[in-house]
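Both counts, for ligands and for their atoms, begin at 1 and track the order of listing. The figures here come from the full heavy-atom set of this structure, side chains too, leaving out hydrogens, waters and symmetry mates. These figures come from a predicted structure and were not determined experimentally.
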Amino acid sequence: MRNIKLVEVRSEIAAGTRGASLGIDALKIASLDKKSDFFTQFEPINVADANNYLWKGNKFPHAKYIDGVYQVLKNVYSSIESLRLEKKFPIVLAGDHSTAAGTIMGIKAANPELRLGVVWIDAHADLHTPYTTPSGNMHGMPLAMVSQLDNKECQVNQPDEETLLYWERIKKIGGDQPKIDPQDIVFISVRDTESPEDFLIKKHEIRNFKTSEVREKGISQVANETLEILKDCDQIYISFDVDSLDSSISVGTGTPVPDGLTVEEAIQLNAELIKDKRVCCWEIVEVNPTLDTENTMAENAFEVLEVTTKSLVENF
Ligand SMILES: NC(=[NH2+])NCCC[C@H](N)C(=O)O
Ligand SMILES: [Mn+2]
């Protein structure tokens, strides 16, 4: 049996709208309303956030609150590294998606010799850098952080010296080397990208299973093909951003996008993928109940969390 550890990271500083720090508690409310005992099964640990930086105002237009983001990523990185050294399986409940970079850095640090693949289920590619970001929101940058990409070929911004100092520090958390090869990323349902990201996706030949392809082929085939692409990886991390779900289901997330997955598709997909023995960590992010009505997103996201965890427990 897998030794599951729940990890709670209430960070929201890297998102553009306020409220994602409440996402974890919204999941707990959804669980209570459903009378599920999910949260009594696992002992959670809390990773310190840096949301207090929000009160001070932002000094970095092309990488908002990067000083605080750096703190959070270091915290997530060291917590995940310790858990992985203890052979625990972290299920990470987080606010904004930037924390995924800390998670990947931690997984890699615990087992540097193992090749790490990433399944990124999301509406966005999150491959921006301070040089290319259209918004300055750092939840759009985690995959560039861990791949140590600057993407200066597509530069549109002129980040200042202090921004770049922190950007360099972030890329070096867990050591000055890429934690993953961008070719070992598989995107599912990514559908809202900007041209600097499209450039990287093309350059590194990153596979993206569009929503229509998921529907045509069916979940099992897409899961099989995803794992086949990652056949040379020794470990796999799955990152589930709830904005991969269609925006008609709920707008309870900071950056909702149409043409996404149904809840049923997301459930089946995650439950199927997590059966692979190489999967060593699963993360769910970006539930924002302040943008929602009746806690709909959290209720749907909780279904995904519960069924995926059940699949993990039952298959080991
Ligand atoms: N994790 C997310 N929700 N990312 C949204 C990123 C949106 C857009 N690409 C940006 O950089 O601002
Ligand atoms: Mn994302």
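- Look at Arg207 and Glu213 and you find a salt bridge, because one of the NZ, NE, NH1 or NH2 atoms lies within 4.0 Å of a carboxylate O, short of that distance.
- Geometrically, ligand 1 and Asp192 share no nitrogen or oxygen pair separated by less than 3.5 Å.
- Atom NZ of Lys310 sits in a sparse spot, with 12 or fewer heavy atoms from other residues, nucleotides or ligands closer than 6.0 Å.
- Contact annotation for His139 and ligand 1: heavy atoms of both the backbone and the side chain come within less than 4.0 Å of the ligand.
- Comment: Arg10 engages Asp25 in a salt bridge, judged by a side-chain N to carboxylate O separation of less than 4.0 angstrom.
- Residues satisfying the side-chain contact (heavy atoms from CB on, under 4.5 Å) test with Gln221, not counting sequence neighbours, are Lys217, Glu225.
- With a 4.0 Å heavy-atom cut-off, ligand 1 is reached by the side chain of Pro134 but not by its N, CA, C or O.
- Summary of contacts: the protein heavy atom closest to atom 3 (N) of ligand 1 is Thr255 OG1, 3.0 Å.
- The protein non-hydrogen atom at the shortest distance from atom 4 (N) of ligand 1 is Asp126 OD1, 2.9 Å.
- Using a 4.0 Å cut-off between charged nitrogen and carboxylate oxygen, Glu168 and Lys171 count as a salt-bridge pair.
- The pair Arg278-Asp234 fails the salt-bridge criterion, with no side-chain N (NZ, NE, NH1 or NH2) lying under 4.0 Å from an Asp/Glu carboxylate O.
- Below the 2.8 Å limit, the Mn ion (ligand 2) has as protein N, O or S neighbours His97 ND1, Asp122 OD2, Asp126 OD2, Asp241 OD2.
- Ligand 1 has an N or O atom lying under 3.5 Å from an N or O atom of Ser135, backbone or side chain.
- Below 4.0 Å from some heavy atom of Asp243 lie the following atoms of ligand 1, by number and element: 3 (N).
- Other residues, nucleotides and ligands contribute only 12 or fewer heavy atoms inside 6.0 Å of the CD atom of Glu294.
- Using a 4.0 Å cut-off between charged side-chain N and carboxylate O, Glu205 and Lys202 make no salt bridge.
- Among all protein heavy atoms, the one lying closest to atom 7 (C) of ligand 1 is His124 CD2, 3.8 Å.
- Salt-bridge check for Lys5 with Glu43: failed, with every basic side-chain N at 4.0 Å or more from each acidic carboxylate O.
- Contact annotation: for Glu194 versus ligand 1, heavy atoms closer than 4.0 Å belong to the side chain alone.
- Of all the heavy atoms of Asp241, the ones lying under 4.0 Å from any atom of ligand 1 belong exclusively to the side chain.
- Defined by atom type and a distance below 3.5 Å, a donor-acceptor pair is missing between the side-chain atoms of Asp122 and Ser244.
- Neither the backbone nor the side chain of Asp96 comes within contact range of ligand 1; no heavy atom lies under 4.0 Å.
- For Glu303 and Lys34, the salt-bridge test passes: some basic side-chain N is under 4.0 Å from an acidic carboxylate O.
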